[in-house]
Each structure stands twice: as structure tokens, then as C-alpha cells.
Asks: 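Structure provided below as C-alpha cells; questions to follow.
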Amino acid sequence: MAVSAPREKLPPSVAARPLRGRRARGRAVRRFRLVALYALLVPLSVLFIAPFAWLVSSSLKPLGDIFVWPPQWIPDNPTLANYELFLGLGEQDARSAEFVARWFLNSAFVALSVTFLQLFFNSLAAYAFAKRDFPGRNAIFVLFLATMMIPGQVTLIPTYLVIRHMPLFGGNDIWGQGGHGWLDSYYGLILPGAVSAFGIFFLRQYMLSIPNELLDAARIDGASEFKIYWRIVLPLTKPALAATGILTFMYSWEDFFWPLIIITSPELYTVPLGLTLYVVRNRTAWDIVMAGSVLATLPMIFVFVLFQRHIIRGITLGGLKG
Amino acid sequence: MAASVPVNRSRGHGRRVKRDLRRSWSAYLFISPGLVLFGLFTLFALGFAFYLSFHEWSVIEQDRPFVGLENYRDILADQRFHRSVINTFYFTGASVPLTLTIGLLIALMLNQPIRARGFFRTLYYLPVVTPFVVVAILWKFLYNADFGLFNYYLLKTRLIDEPLLWLSDKDLAMPAVILMSVYSGIGSAMLLYLAGLQGIPEELYEAAKVDGAGAWQRFRHVTVPQLAPTTLFLLVISIIYSLQVFTQIFVMTGGGPVERTTTMVYYIYLSAFKFFEMGYATALAFFLFAMVLVFTVFQLRLYRRYGAGI
């Protein structure tokens, strides 16, 4: 608009020339800016990705080559021996980690359990808070919201003690004495994370947008509340469920603090815990550690590539991490 | 229909009350799993924490005497705790602004009409996707004094004359941990800023251009104010996370050297699970709670103001 206005007043031949010049100059400036942008972005990206390249490269080297200066970015003697040692395949030595396959199964089992329990419990509660009217609803909802303010560390120690004194489990009597309760068990890993105030809040906000008429119509048709939740509300909440579910899975997979505190048996280690404690015990086995690190990362990359859109949506909607 | 309503009113009303009650019951049933777990692991735990903080409570000893406010009084005199608060503030004060600034710069670059934007976005998000302990282990490897890449390239470019000790140097350990944390946090900041940038209406830039604003002025007077909600949100959330820094400390430095990287949560961990002073550790946790609470309240107010989708 601003450009075309003077053209009407001037004869075409006069107006076109400076305009074309200006446009060409604009294009040159834009091209220069783009080149400058790439000149900044590409080296920065290389720098950013370098640690990962080094991780993969080191995982494929015999121990001796890892310490060589100048660094070998492309291994001179590539080998998969580190992976075999870490996974306990083939020939073993004193530095082999035990139960590594179990760590992966444990992580997968715990992360999947936490994710599905959370999706189920969170969405049940979210539905009740969003679409039902019952005495005490607002008070209970505010109570849930208030717990979002409590950092995990405050309840960490008492939760640890609650887990430890869980009655009738792990050798405890009915008063929760005498044994170790849910410490060092899947129950202890899964149940404290099986519901999340943030998840309830997030899903409730989403469910508020479901039209009430839809639910009322189902009620008139005689559908039970659970059926309404299961057949109408859940399918309509799918995008939000996917977003929170994937974030919960990733968060649970890489959780470190809680397993560190409650798990003592190597066969119950999750991947982050097993890997870290392996590093603590074998300070110089960098070859095997690098192989283990690559393996621990692969499932996350896989999930990310598969669900990238949901993840980005979930993060931009609801903050950094669930 | 219209004729039958008045006739059946009383019976219908009774039935409706009964149905309401039944429906309410199911609502309570719906929230009960969440409520039970919350009751146990949050509400009861919170009350129990309060109780613990007034006791000398060791897992290994049977005697758990009530000590009143002694735990809290000890905290005020505990030099190691003061050190950990200073360390935590140092960490937060440096890592949060750096992460946000670099995240914004990268988001601004990726918001230009470049090729393979999705590829770059994934690349910068990669450290966020990677399990955090892996990033920490990897950086510990890079910082290694004898064969780490940092020393190699710094020596080679003659920026330093002799190898740095990084994580074992008492003045370098915390900056090294901060650098690693910034690296792993940039992706999240970048992603949120990118979403924020894409939400800025193009007309604002057009209008600014018509008014003769240059690139810097457009950034200063359009982009920055339009991103204010994102920045505020990121700031608060990053501060809350940073105040609770633990994993990278455990993996990379173990709180050393000479407690230069012992943060609050690491100190709480030591008190509870190395020295077995559960009561004292819980009192420490309440201190942390008080600090985090200020920012959490702020965060909830942001939620209310901008809704869930910032």
C-alpha cells in the first residue's frame, strides 16, 4: 500500500526505476542477512551437536583410543565390544555391568505403569472436576491445586518413611514395623507417581471445552457416568492425553532422584540409576560408560522422533516438564 | 411431554434427587484414586514432614525424641547450609539468565525464513530429550583434566597454557556445572520462545516498519514486549527448577571440591540419606519450600492471567 501510493501520481517510467532499485537493494540486504544468519547458526549448531558426536564416537572405540590426543572423531579401530561388555553379551570381564537388560525392562515397566496410571487417574479426576457437580468439588480441587506448590523435596523424606513403613509389605507387620515395606520394590517406584496435580489441572482445563449438551444427550440415552467418561470424554481429550502422557513417560524414564533413594538391589535399578552408579563404581571405564549412555538415550530419541508434534504441543501448552 | 411434566413432578423430583446422589457418588468414585494417593503421599506426608521437623529422627536409631525448634535453630547456625544456599543462588543467578538469553537468540534465528528449520529445532532440543544423567556423565567426560575435549581445544587454540582441572578446581567447578546446565536447558527455552514468536501478529511488525522503525527498534519495541508473558513464565519456572538442582551435582562433582558445589537439595540429600538425620533434613526442606513458594505463587498467578496456553 505504502509503496503503490506514489506510483499513481508519477508517470510509470519515473516511478518504476527507483522502486526497482530499492527492491533489488532490499533483496540484497535480505540475502546478506540470511548468509550472516547461516554463518552464525551453522557453527553454533556444530558446537551444540559435538558432545553427542563425541559420545557416539567414543562408544565405538577401544579404551586406549579414547584417551588419545588429538581426539579421533572417527574411530581408527571401530568396535562394538563396549556395547557387548555393557549388555553382558559375549566375553565378560571384571568391568561388565550386571543386570543391564533388566534395567531397561525396569525403566520401561515403571515408566509405562506410571504413564498409564496417571492418564487413567488424572483423567477420571479431571472429568469429575470439569463436568460434574458435587458437594465439596471446589474445595477438593483447590486442595489439589495447592499441592502443586509443594516442591518434591518437602514430601520426599516423609514419603520415603511412608513407603518404608507400609503395613504388611516387605516383611512389615500390621503397624509397618520390622521390614522395609515398599522400599526396593516396583510399588515404591510407581505408586507415589501414579497421580499428578498438574496432570489433573491440565486435563480439566482441556475438558472444560467439551460441550455439556453432548454429555447430557448421552445421559438422557441412559449411559452410565463411566461410559460417558470412557466413550465420549476420553476420545475428545485425546490430544491432551497424548501430550501429557508422552511427557510423563519421558520424565519418568529419566527420573533419577527417587530411584536413587529407594532402590538398593541391582536387579531393580532403572537405567539412569544403574548407569550413574556404574560410573561411580568404575571411574575409568569410559568406553563402557559411553556405550551405556548411548543405549540409555536411544529409547528417548525414538519416543521423541515418533511423537515430536505431541511433545512440542504439550510443552508449549503446559510449561517445561510435567 | 409438556403435559406429562406437571403430573409427574413430585415423583420425578424424588427420582432426580436419588439420581443426583447416585451421580454424585460416582463423581466421588472418580476422584477417589487420585484422592487416596494424594492423601497419602502429599497431605499425610506434609503433615508428617511438619511433625518430623520437630524431632530428632534417625532411621537407624529407635529413640526419636521431640526437640522442639532445635532443628530450625540449628539451621540458622549451620555454616554448611549457608554455604549451600549461596551455592544454589550462584547456580540459579547464572544459569537462568544465560539459558533464557541464549534460548531467545536461537529462537530468533530459527524464526527467520531459513531452510530445515525443523531439523535445527530438533537439534537444539536433543539435550532436553537425552536423559539428564547421560548429559551429566558426558560433560564430566568432556571436562576431564587429562583427556577431555575442553582442555584439548583450549590448549590447542592457546587460550590456556596448562590443562584446567575443571570439576576439581574450587573456583571452576560451579561455572562448569552451570555451563552444562545451560547447555541442557537451552532447548526448552528455545521451544517456548519460538512458540511465543510465532504468536506475534505480523501486522505489528508491518506497522512498525511503516513508522520507520529499524530492525533493532522493531525487536526492542515489538518483539520484547510481546514476549514478556513467555519470558516471565520461563523465568519463574526455571528459577523453581534451578533452586532444586541435584542430579548434575550428584553425577559430576558430588558436592565438591570443598563443598563449592553443594547445593541445597544436595545438602538435604546428604543430611537425610548419608547422615540419617531425617528430622533435620525435613526442616531444611521447609526452608527450601519457603523460597520456592514465593516463585510458585507467582507462577500460579501467571497461569490465571494468561491461561494454560501462554
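For clarity, every value in this text was computed on a predicted model and none was experimentally measured. Order of the sequence lines fixes the chain letters, A, B, ..., with proteins taken first and strands second; residue numbering starts at 1 for each chain.
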Asks: Check whether any side-chain heavy atom of B:I31 sits under 4.5 Å from a side-chain heavy atom of A:F134, and report yes or no.
Replies: yes

Asks: Looking only at atom types and distance, does a side-chain atom of B:Y124 sit under 3.5 Å from a main-chain N or O of A:S45, one as donor and one as acceptor?
Replies: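 Yes, because the side chain of B:Y124 sits within donor-acceptor range (under 3.5 Å) of the backbone of A:S45.
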
Asks: Starting at CG of B:L108, measure out to CG of A:L41 and round the result to the nearest 0.5 Å.
Replies: 11.5 Å

Asks: Can you tell me which portion of B:L243 sits under 4.5 Å from chain A's heavy atoms? Options are side chain, backbone, both or neither.
Replies: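 Neither the backbone nor the side chain of B:L243 comes within 4.5 Å of chain A.
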
Asks: Given that the side chain runs from C-beta out, which part of B:Y51 has a heavy atom under 4.5 Å from chain A: side chain, backbone, both or neither?
Replies: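 Neither part.
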
Asks: Side chain from CB out, backbone as N, CA, C, O: work out which of these in B:I106 comes under 4.5 Å of a heavy atom of chain A, or both, or neither.
Replies: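 The side chain, not the backbone.
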
Asks: Does B:F147 reach the side chain of A:P71, with side-chain heavy atoms less than 4.5 Å apart?
Replies: no

Asks: Name the region of A:F48, side chain, backbone, both or neither, that has any atom closer than 4.5 Å to a heavy atom of chain B.
Replies: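 Looking at A:F48, backbone and side chain both touch chain B.
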
Asks: Report which part of B:Y183 has an atom under 4.5 Å of a heavy atom belonging to chain A: side chain, backbone, both, or neither.
Replies: both

Asks: With a 4.5 Å cut-off on heavy-atom pairs, point out which of A:I261, A:D133, A:I140 contacts chain B the most.
Replies: A:I261

Asks: Is it the side chain or the backbone of A:S123 that comes within 4.5 Å of chain B heavy atoms, both, or neither?
Replies: neither

Asks: Which distance, rounded to the nearest 0.5 Å, do you find between the CZ of B:F273 and the CG of A:L260?
Replies: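 So the gap between those two atoms works out to 8.5 Å.
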
Asks: What residue, out of A:A197, A:P70, A:P192, has the most heavy-atom pairs lying under 4.5 Å from chain B?
Replies: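 Of the candidates given, the most pairs with chain B belong to A:P192.
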
Asks: What pairs with A:F120 under side-chain contact (heavy atoms from CB on, under 4.5 Å), at least two apart in sequence or on another chain?
Replies: A:L124, A:F226, A:Y229, A:W230

Asks: Which atoms of A:L156 come close to chain B, meaning under 4.5 Å heavy atom to heavy atom: side chain ones, backbone ones, both, or neither?
Replies: side chain

Asks: With sequence neighbours excluded, what pairs up with A:F302 under the side-chain contact (heavy atoms from CB on, under 4.5 Å) test?
Replies: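 In terms of side-chain contact (heavy atoms from CB on, under 4.5 Å), with neighbours along the sequence ignored, A:F302 is linked to A:L306.
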
Asks: Within a strict 4.5 Å, meaning less than it, do heavy atoms of the A:F67 and B:D146 side chains meet?
Replies: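 When only atoms from C-beta onward are counted, B:D146 and A:F67 do not touch, as no gap falls below 4.5 Å.
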
Asks: Given that the side chain runs from C-beta out, which part of A:R164 has a heavy atom under 4.5 Å from chain B: side chain, backbone, both or neither?
Replies: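 Only the side chain of A:R164 comes within 4.5 Å of chain B.
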
Asks: Tell me whether the rings of A:F144 and B:F38 are parallel (<30°), tilted (30 to 60°) or perpendicular (>60°).
Replies: perpendicular

Asks: State the CG-CH2 distance between B:L149 and A:W73, to the nearest 0.5 angstrom.
Replies: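 Going from CG on B:L149 over to CH2 on A:W73, the span is 5.0 Å.
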
Asks: Is there a side-chain contact between A:P51 and B:L142 (heavy atoms, below 4.5 Å)?
Replies: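 They are in contact (side-chain heavy atoms under 4.5 Å apart), so the answer is yes.
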
Asks: Please classify the contact of B:L284 with chain A as side chain, backbone, both or neither, using a heavy-atom distance under 4.5 Å.
Replies: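 For B:L284, no heavy atom lies under 4.5 Å from chain A.
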
Asks: If we define contacts as heavy-atom pairs under 4.5 Å, which of A:V294, A:V305, A:L44 has the most with chain B?
Replies: A:L44

Asks: Among A:Y127, A:W253, A:F256, who wins on heavy-atom pairs under 4.5 Å with chain B?
Replies: A:F256

Asks: Taking the side chain as C-beta and beyond, is there a heavy-atom pair between B:V128 and A:M250 under 4.5 Å?
Replies: no

Asks: Are B:F41 and A:T155 side-chain neighbours, meaning at least one heavy-atom pair lies under 4.5 Å?
Replies: no

Asks: So which of A:P299, A:G292, A:A125 has the largest heavy-atom pair count under 4.5 angstrom toward chain B?
Replies: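 The answer is A:A125.
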
Asks: With rounding to the nearest 0.5 angstrom, report the CD to CZ distance, A:E225 to B:F30.
Replies: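 Separation between the atoms: 6.0 Å.
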
Asks: Should B:Y125 and A:Q308 count as side-chain neighbours, where that means a heavy-atom distance under 4.5 Å?
Replies: no

Asks: I need the B:F132 CZ to A:D255 CG distance, nearest 0.5 Å.
Replies: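 The distance works out to 12.5 Å.
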
Asks: So which of A:P158, A:P272, A:A296, A:P135 has the largest heavy-atom pair count under 4.5 angstrom toward chain B?
Replies: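 It is A:P158.
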
Asks: Identify which part of B:F250 has an atom lying under 4.5 Å from any heavy atom of chain A, answering side chain, backbone, both or neither.
Replies: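 Side chain only.
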
Asks: Can you check whether B:V251 reaches A:V279 side chain to side chain, under 4.5 Å on heavy atoms?
Replies: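 A side-chain contact is absent here, since even the closest heavy-atom pair is not under 4.5 Å.
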
Asks: For B:L52, which atoms come within 4.5 Å of any heavy atom of chain A: side chain, backbone, both, or neither?
Replies: side chain

Asks: Let me know if B:V292 has heavy atoms under 4.5 Å from chain A in its side chain, its backbone, both or neither.
Replies: side chain

Asks: Could you tell me which portion of B:L46 (side chain, backbone, both or neither) has an atom closer than 4.5 angstrom to a non-hydrogen atom of chain A?
Replies: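 Answer is both: backbone and side chain atoms of B:L46 are under 4.5 Å from chain A.
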
Asks: Please report the interatomic distance OG1(B:T122) to CD1(A:I301), rounded to the nearest 0.5 Å.
Replies: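 So the OG1 of B:T122 and the CD1 of A:I301 are separated by 10.0 Å.
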
